[in-house]
There are 2 protein chains.
Amino acid sequence: MARTHGSHSDITGPRVREAALALFARHGYAAVSMRRIATEVGLQAGALYNYTPDKQSLLFDLMKQHMDTLLQALEAQPQPSQPVRALETFTRFHIRFHAERPEAVFISYMELRNLEAANFEVIEGLRRRYEDHLADILRRGVTSGVFGVSEPRIAAMALIAMLTGVNTWFRPEGRLSLPEVEEVYWPMVRKAVAA
Amino acid sequence: MARTHGSHSDITGPRVREAALALFARHGYAAVSMRRIATEVGLQAGALYNYTPDKQSLLFDLMKQHMDTLLQALEAQPQPSQPVRALETFTRFHIRFHAERPEAVFISYMELRNLEAANFEVIEGLRRRYEDHLADILRRGVTSGVFGVSEPRIAAMALIAMLTGVNTWFRPEGRLSLPEVEEVYWPMVRKAVAA
DNA sequence: CTTTGATCTGAACATACGTTCAGTTAAATC
DNA sequence: GATTTAACTGAACGTATGTTCAGATCAAAG
């Protein structure tokens, strides 16, 4: 097998994606050049094409990976049968998962319009699956009488928007810890959909 | 005074801003060139510099104008002394105002990172004033015992994030009218901060 | 009917873009 | 120690960028 000038394919590949993630999040996809990503990793621009067919794929792969990780982590959560407990699990999970990877979250919400049509469809489909999970919890709660929402699907999007908003102000070194943030948001979520 | 080739400064100026608004919203600030804006208006790129000193000012002016209009419209609203009524007024106002100008809202949330530092400060200050208005309503309600929120400032940001989320799915030709949307969100807002 | 001056064109400026590729480098294999 | 080949360089490709500006245009003013 072949070797490198101080780093491996196994090492450089992830480093390229990490640099792209950080730069796309900070400056936006369109504002970041391949040369800038390469400089961050210590390469010439041409070398990036050993790791991605093109710039668009770099963006899509980051977003796809984020959504896959999200759905996988969601399914790994306990799924209480009581709707209120299921909602609490979802709320705390969403806050934690998103607060832990602000760059990927930022990109996934901001760069949708820079995806080519086919790539956009894929990401939208994954996002919808995530929303459906919450909408189903709400519907079960409505059926059993513990929740009172007239439009479960819209309520799901409203709650997700509220919870993702944490990322606009939360800083790990800030006044509130993540568990404390959960204690601020969970009562609001619970009451918002209460019967 | 001077005249034009079929259009005026008074007419071309607004058209430039309208074109920039639409294009920035659709493709993003960094992805839209001055030539593209010019083409949309029927000009050569150089002529745009009769209406803006540079591209950055074009973005900043759009965002500043949006925030000014927002704060002015907010202050023109009735300000009920009862916190619950004040919250309802705010909620319905926010939904309506934002749903009516999706492009300006989109830009104001997505292009913050493309503002130069000094311009960013200005927009952030205006946004904070808007958030403070809602936080004050919540604080008054906590004092009078009708609201039960542990962190009024965070609760304000949470509610605003939830309400602005309407823009991600609402379409005027969709199933729900704007008044119907208000009837879905207002109960959630009211209950979320209830004592 | 000449003058005026705001408005706009068209070309140019230096710089940057995404992508390709022939050729160099050097670690691993035999 | 010769061979192999993945990893990378450096230059080039055509095209695009934001901005400037001398000069053309033409409605209104005198």
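Below, read A as the first sequence line, B as the second, and so on, with proteins coming before strands; counting in each chain starts at 1.
Contact annotation: Gln44(A) side-chain N/O to dC8(D) OP1/OP2 distance is not under 4.0 Å. For Thr12(A) and dC8(D), the shortest distance from a side-chain N or O to OP1 or OP2 is below 4.0 Å. In this model, the phosphate group of dC8(D) is approached by a side-chain N or O of Tyr51(A) to a distance below 4.0 Å at OP1 or OP2.
Using a cut-off of 4.0 Å between Lys/Arg side-chain N and Asp/Glu carboxylate O, Glu151(B) and Arg175(A) are scored as salt-bridged. In summary, Glu88(A) and Arg92(A) engage in a salt bridge, as defined by a charged side-chain N under 4.0 Å from a carboxylate O.
dG18(C) atom C1' lies 12 Å from atom CZ of Phe24(A), rounded to whole Å. One atom, CG of Leu58(B), and another, P of dT17(D), lie 15 Å apart when rounded to the nearest Å. The nearest whole Å value for the distance from the CG atom in Asp54(A) to the C1' atom in dG18(C) is 9 Å. Atoms CD1 (Ile11(B)) and P (dA27(D)) sit 14 Å apart, rounded to a whole Å. Following rounding to the nearest Å, Leu48(B) (CG) and dT9(C) (C1') show an atom-to-atom distance of 12 Å. When rounded to the nearest whole Å, the span between CG of Leu43(B) and P of dG10(C) equals 12 Å. Whole-Å rounding puts the Asn50(A) CG to dT5(D) C1' distance at 12 Å.
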Quiz: residues 99-108 of chain B side-chain donor-acceptor pairs under 3.5 angstrom, not counting sequence neighbours:
residue	atom	partner	partner atom	Å
Arg101(B)	NH1	Phe97(B)	O	3.0
Ser108(B)	OG	Ala104(B)	O	3.0

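Residues passing the side chain to side chain donor-acceptor pair (under 3.5 Å) test with Gln44(A): none are found, sequence neighbours excluded. When the side chain to side chain contact (heavy atoms under 4.5 Å, CB included) test is applied to Lys64(B), the partners found at least two apart in sequence or on another chain are Phe60(B), Asp68(B), Val122(B), Ile123(B), Leu126(B). Under the side chain to side chain contact (heavy atoms under 4.5 Å, CB included) criterion, Ala194(A) pairs with no residue, sequence neighbours left out. Remark: Ser150(B) pairs with Val184(A) by the side chain to side chain contact (heavy atoms under 4.5 Å, CB included) rule, at least two apart or across chains. With sequence neighbours excluded, no residue forms a side chain to side chain donor-acceptor pair (under 3.5 Å) with Glu116(B). Residues satisfying the side chain to side chain contact (heavy atoms under 4.5 Å, CB included) criterion with Gln65(A), sequence neighbours excluded, are Thr69(A).
Near DNA chain D, defined here as any heavy-atom distance below 4.0 Å, the residues from residues 29-40 of chain B are Val32(B), Ser33(B), Met34(B), Arg35(B), listed numerically.
Each end of the helix from dC1(C)-dG30(D) to dC30(C)-dG1(D) yields a helix axis from five base pairs, and these two axes differ in direction by 0° (to the nearest 10 degrees).
Positionally, the nearest nucleotide of DNA chain D for Ala47(A) lies more toward the 5' end than for the other of Ala47(A) and Lys55(B).
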